[in-house]
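I have placed the structure first, in the form of structure tokens, so that the comments after it can refer back to it.
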Amino acid sequence: MAVWLVGLSLYFLAVFHRSSLAVAGLAASDRFGISAAQLSTFVMLQLVVYAGMQIPVGLLLDRFGPRRILTIGVLVLTAAQVTFALADTFALALVARVFVGLGDAMTFVCVLRLVNTWFPSRRIPLVTQLTGVLGQMGALVAAAPMTWALRELGWTSTYLAAASLGIVLLAALLLVVHDEPGSPRVLGAPLSWTTVRSSLAASWRHPGTRLGFWVHFTTQFSATTLGLLWGYPFFVRGEGRTPAEAGALLTILVLAVMVAGPTLAWAITRDPWQRSSIVLGIVWAVVAVWTVVLVWPGDAPAWLLVVLVVVVGVGGPASMIGFDLGRSFNPPDRLGAATGIINQGGFVASLLLVVAIGLVLDWRTPGSSTAYSAESFRWAMSVQYVLWAVGIVQIWRYRRRTRAGLLAEDPDARERWRGGLA
């Protein structure tokens, strides 16, 4: 339990650093004198690095174990936030966000490995959801308190204080975390091009891994985009809400994530065969509520925006179902590679959406103005429909392949293997 709590705290810190720009978007625009497209570049580079490092980190995790990779990750995150605090140019701030993405990429998959190693299989779905849910409290800490700190303490002091948290957790990591029970450090097979190629090919070849990838792709991007960057400007400029109301909506978003996680864990444990059906139901609900908000004449009422962030927030823990699918269809020696593949999905989608929103806002706003209108935000947020369409089709496609393969091997699989189907 102590190992998991330390790992969870490290993931909490990574989410905090990842989300620390969510309420600082307008402040960053003023500090660096940048446009919406340039502002989205912060998150774009962060997500490019995060997504691009998932497979390399997964392979390194299989080789060197979670303790070593987590140590490097927290050191990189701390140094990156110090640099971001002191940056006074757009270029230096971009470099800092690149390394935030790098450190962030080394955290979550390692914590999932600790969960898979330290808990019995029947408890893994619940603990995985709790890890994601409680880790998202980092975004909660990065919402209202960061808003207050930026206003009262200023940019540099706020981000230096955030960076200092890494020093404390590094000490806890070195003292408490072991790769496996009774083994502080565990080494896997040496990496070679043949080993890497065969591990990745075997993981990707299974339709269950691809199903996990598209589940993660389709469920996560809406919540991630609101929480990381565009939620605060959308609520303030697009929906006419005050900064305090926008901060409260982002807080509700995180609370929705926290409540939904354990509920989804119970649902997928109760009937694992229906995991993809649960995902599709959640995605359609998100699409429906976004549609109502975007077609609402004038500013959407407060109650509707609350419904929006609650439903969108459920997509966060729904994305964790992708990892449960990966665990079901991959052996332990390639679980890191499979997890890395799946974890790319949501962040690739989030990256595409973050960049597209910035480009559309600049396109729909005259000249170099950053006074984005409600109409501009409606155009920008409508980009999500393209990603939803692709994701829904792919989930439907690969769940059919996964189920067909399982039933071909065992016609009674649905009834007998209740703990590992799609």
Side-chain angles (χ1 to χ4, degrees), residues 3-24 42-43 45-54 56-58 60-61 66-85 96-115 128-143 145-146 159 161-174 176-177 216 220 223-224 227-229 254 257-258 261 316-317 319-320 323 336 339-340 342-344 346-347 350-351:
V3 171
W4 176 66
L5 289 175
V6 173
L8 174 63
S9 299
L10 291 165
Y11 177 50
F12 176 100
L13 180 67
V15 173
F16 174 87
H17 289 322
R18 178 198 308 168
S19 307
S20 62
L21 194 58
V23 296
F42 279 129
V43 179
L45 287 177
Q46 183 178 325
L47 292 179
V48 163
V49 174
Y50 184 97
M53 287 298 297
Q54 286 308 297
V57 167
L60 291 171
L61 174 60
R67 190 174 189 268
R68 290 181 178 88
I69 308 301
L70 281 170
T71 300
I72 297 172
V74 71
L75 287 171
V76 171
L77 276 171
T78 301
Q81 283 293 66
V82 169
T83 304
F84 196 60
R97 296 313 289 185
V98 166
F99 282 94
V100 168
L102 178 61
D104 189 8
M106 297 180 180
T107 306
F108 184 61
V109 292
C110 292
V111 178
L112 286 187
R113 172 60 65 86
L114 292 174
V115 170
T128 298
Q129 283 290 351
L130 288 175
T131 301
V133 165
L134 296 176
Q136 288 301 315
M137 289 181 65
L140 180 63
V141 173
M146 282 291 290
Y159 279 99
S164 67
L165 299 173
I167 300 172
V168 176
L169 289 183
L170 176 61
L173 166 64
L174 296 176
V176 174
V177 173
H216 201 264
Q220 188 191 32
T224 299
L228 277 183
L229 184 62
V254 177
V257 171
M258 295 171 61
S319 69
M320 305 289 285
F323 299 119
T339 301
I342 292 168
N343 205 23
Q344 280 189 321
F347 289 95
S350 299
L351 166 64

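No experiment lies behind these values; they were computed from the predicted model shown.
If you take CD1 on I167 and CG on L75, they are separated by 10.0 Å, rounding to the nearest 0.5 Å. Between the OH atom in Y159 and the OG atom in S164 there is a gap of 14.0 Å [rounded to 0.5 Å]. Rounding to the nearest 0.5 Å places CG of L70 at 6.0 Å from CG of L114. Within the model, atoms CD of Q220 and CZ of F347 stand 4.0 Å from one another, a figure rounded to the nearest 0.5 Å. Expressed to the nearest 0.5 Å, how far CZ of F323 lies from CD1 of I342 amounts to 7.0 Å.
Classified by interplanar angle (parallel below 30°, tilted 30° to 60°, perpendicular above 60°), the ring pair F84/F42 is perpendicular.
Residues R67 and L174 meet the side-chain proximity criterion, which asks for heavy atoms closer than 4.5 Å. Using a 4.5 Å heavy-atom threshold, the side chains of R97 and L45 count as separate. In this structure the side chain of L134 never reaches within 4.5 angstrom of the side chain of F12, judged on heavy atoms. The shortest distance between side-chain heavy atoms of N343 and F108 falls below 4.5 Å. Counting heavy atoms from C-beta outward, Q81 and L77 have side chains that stay 4.5 Å or more apart. Side chains of V76 and I72 form a contact here, defined as non-hydrogen atoms less than 4.5 Å apart. For the pair L61/T339, no side-chain contact is recorded, criterion being any heavy-atom separation below 4.5 Å from C-beta on. In this structure, the side chains of T78 and L170 stay at 4.5 Å or more apart for every pair of heavy atoms.
For the side-chain contact (heavy atoms from CB on, under 4.5 Å) test with V177, the passing option among V6, V111, L5 is V6; the others fail.
Taking all atoms of both residues into account, the shortest heavy-atom contact from H17 to A162 is CE1-O, 3.3 Å.
Evaluation of the salt bridge (charged side-chain N to carboxylate O under 4.0 Å, His left out) test over residues 5-20, restricted to residues two or more places apart or in two chains, returns R18-D104.
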